[in-house]
Amino acid sequence: MSAAAEFDVVISGGGLVGASLACALAALPLRVALVEAVPVASAAQPSFDDRTIALSRSSRIILDGIGAWGEVAALATPIRRIHVSERGRFGSAIISAEQQGVDTLGHVVASRDLGAALWARLGAAPGVEVFCPGSLQSPTVEQAHISTTLDAARSGGQLRARLLVVADGARSSLRQALGIAATERSYEQTAVVGNVAIAGAPSASTAYERFSAEGPLALLPFRDGRYVFVLARPPAAAVAALALDDAAFLRLLQDGFGHRLGDFVQLGRRSAYPLSLVQAQDITAPRAAVIGNAAQGLHPVAGQGYNLGLRDVATLAEVVADAVRSGADPGGAATLARYAELRRRDQRNVIGFTDGLIRLFGLAAPGMGPARGAGLLLFDMLPGAKRALARHTMGMAGPMTRLARGLPL
Ligand SMILES: Cc1cc2nc3c(=O)[nH]c(=O)nc-3n(C[C@H](O)[C@H](O)[C@H](O)COP(=O)(O)OP(=O)(O)OC[C@H]3O[C@@H](n4cnc5c(N)ncnc54)[C@H](O)[C@@H]3O)c2cc1C
């Protein structure tokens, strides 16, 4: 067998999170390999598809810091207000950028546009070598390195690195090969996603989150005055909704959301995503770190998955940068322990918050509906509670990385 190709960091998975890490590490004097199974421009690319991503304020700052915001800025729609309500109940809550003293709470961007921007940035990064299509197998830990085998289609060569990063999604087989167990709990819901115009609606910068007994409906402002919808329903209801013709589906959406904004018209293409909570039991193994959906796959109700994954990226890039600068080992036990320690709280809080929302609004127990309505109303009047939630939504709760503070890595 030919000699192994040597790198400092090998990343498995060049989706939203893996490509973001490669862009971040490109600022460091490191040899980085990025191994991605599906080319970015392929219609089958699972990370850069029809979904849209609500980026938190801190994600926008991180993307700027890794050189990927410039390309998407013109395609991104700002969110200045978030309106949370429950169908048939009086209470509602509003978080606004103005109240929080910021210009925007976040932005909405198509994942395809974000993927194209990240990969364009990688094309201009001399320290990053891309293997695509490709995938890695059989990780073997040696004392100062970890070796993996590129799949047969790529001649079965070996890649050797000081750090292997697993960023290949919620169903990662590499994570399993490293001995990291994961749990999966289905939400018994499928998200139906698409975009729509609303006749007569003013130019939009408000995101709506509307809960109902059947599941949540999110409506996000999108470009050209359109809105993106994420409608979560039990799997059979989602299949039925997908089978409806456009006029009947528009009625279903209108019924779920109400008429406060106007009439729903001009439906775009619909796509479906089964929803579950996937949690890796560890986010490190010897010479390996797990990030993004490979570490935690969330329900999209609160739009937190990529935002959380990007904070994994900013933290891992920072501990690697610190190790490189101090002459320490970027894949050594101390670096990995620091990464795990710094991520624990944020991951636990966001998983708990997202899962808690689904449970709270899914409860049909007597008295729960009015209690939730009153809760939303009360919450709207409590500036302290609102500020805490707003800081979570903006990705600004807890200790912040240099990239999230707008500083160089
Ligand atoms: C309907 C919906 C709406 C969402 N909305 C939001 C939102 O508003 N805000 C938000 O923050 N998040 C949102 N998310 C979550 C977000 O999409 C994910 O958190 C994000 O895609 C995770 O990125 P990732 O790169 O970790 O994993 P993935 O997106 O799963 O990408 C994994 C990558 O690894 C590649 N891969 C897989 N196996 C291999 C292998 N063996 N070898 C090499 N490569 C491999 C895949 O081809 C892919 O490119 C939403 C999700 C859904 C389903």
Side-chain angles (χ1 to χ4, degrees), residues 11-21 35-38 44-51 53-54 56 59 111 115 135-137 139 164-193 215-216 218 230 232-235 238 271-285 288-313 315-316 336 339-340 343-362 392 395:
I11 305 167
S12 173
L16 285 170
V17 172
S20 301
L21 180 68
V35 183
E36 166 55 47
V38 187
Q45 219 305 325
S47 199
F48 312 136
D49 60 6
D50 284 347
R51 87 191 74 170
I53 302 289
S56 70
S59 291
S111 74
S135 70
L136 297 173
Q137 288 148 13
L164 170 66
V165 182
V166 181
D168 48 21
R171 303 228 151 60
S172 170
S173 54
L174 196 58
R175 178 186 63 203
Q176 203 180 354
L178 286 163
I180 300 178
T183 55
E184 176 160 6
R185 172 161 50 83
S186 169
Y187 281 110
E188 301 300 334
Q189 286 184 353
T190 296
V192 181
V193 176
V230 182
R233 288 290 178 266
S271 321
Y273 301 83
L275 303 178
S276 57
L277 172 64
V278 178
Q279 266 182 287
Q281 275 168 9
D282 287 298
I283 56 166
T284 61
V290 185
I291 62 174
N293 269 26
Q296 65 270 314
L298 309 178
H299 193 296
V301 62
Q304 293 289 322
Y306 176 61
N307 292 311
L308 187 62
L310 198 54
R311 298 203 290 277
D312 295 345
V313 165
T315 303
L316 185 60
L336 290 169
Y339 166 67
R343 291 309 297 142
R344 193 164 291 133
R345 204 158 137 211
D346 189 20
Q347 290 177 341
R348 200 180 49 216
N349 284 349
V350 173
I351 293 169
F353 168 63
T354 303
D355 198 44
L357 272 181
I358 298 300
R359 286 169 186 264
L360 175 69
F361 284 95
H392 271 291

Is the shortest side-chain heavy-atom distance between [X] and [Y] below 4.5 Å?
X: V166; Y: I291; answer: no
X: N293; Y: R171; answer: no
X: Q279; Y: R185; answer: no
X: T315; Y: Y339; answer: yes
X: Q347; Y: D312; answer: yes
X: L275; Y: P300; answer: yes
X: V35; Y: I11; answer: no
X: R233; Y: V192; answer: no

Exercise. Would you please test D50 and Y273 for side-chain hydrogen bond (donor to acceptor under 3.5 Å, both in side chains) and show each step?
Key: CA-CA 11 Å; D50 284 347; Y273 301 83; 6.0 Å; no
Write down the atom of [X], the atom of [Y], and the distance for their closest heavy-atom approach.
X: A232; Y: Q189; answer: CB-OE1, 3.5 Å
X: S276; Y: S186; answer: CB-CA, 3.7 Å
X: I180; Y: A280; answer: CG2-CB, 4.2 Å
X: S47; Y: S111; answer: O-OG, 3.2 Å
X: V38; Y: E36; answer: N-OE2, 2.8 Å
X: A167; Y: G18; answer: CB-CA, 3.7 Å

With sequence neighbours left out, what residues match [X] under salt bridge (Lys or Arg N to Asp or Glu O under 4.0 Å)?
X: R344; value: E341
X: E188; value: none
X: R348; value: none
X: D282; value: none

Exercise. Evaluate the side chain to side chain contact (heavy atoms under 4.5 Å, CB included) criterion for residues N307 and V350: first the C-alpha distance (whole Å), next the side-chain angles of each, then the deciding distance (0.1 Å), finally the verdict.
Key: CA-CA 10 Å; N307 292 311; V350 173; over 6 Å; no
Exercise. Go through the steps to decide whether L298 and L277 satisfy the test side chain to side chain contact (heavy atoms under 4.5 Å, CB included), and finish with yes or no.
Key: CA-CA 5 Å; L298 309 178; L277 172 64; 4.0 Å; yes
Quiz prompt | side chain to side chain donor-acceptor pair (under 3.5 Å) partners of residues 172-182, not counting sequence neighbours, each pair once | solution =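 Every pair satisfying side chain to side chain donor-acceptor pair (under 3.5 Å) with a residue in residues 172-182: D168-S172.
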Practice problem: Run the numbers on T354 and Q304 for side-chain hydrogen bond (donor to acceptor under 3.5 Å, both in side chains), then give the verdict. | Solution: CA-CA 8 Å; T354 303; Q304 293 289 322; 6.0 Å; no
Exercise. Please name all residues satisfying ring pair (Phe, Tyr, Trp, His ring centres under 6.0 Å) with Y187, sequence neighbours left out, ordered by chain then number.
Key: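 Once residues adjacent in sequence are excluded, the partners of Y187 under the ring pair (Phe, Tyr, Trp, His ring centres under 6.0 Å) criterion are H299.
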Quiz item: Taking S59 as the fixed residue, which of L308, V313, I53, L310 is the one that meets the side-chain contact (heavy atoms from CB on, under 4.5 Å) rule?
Solution: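 Single side-chain contact (heavy atoms from CB on, under 4.5 Å) partner of S59 among L308, V313, I53, L310: L310.
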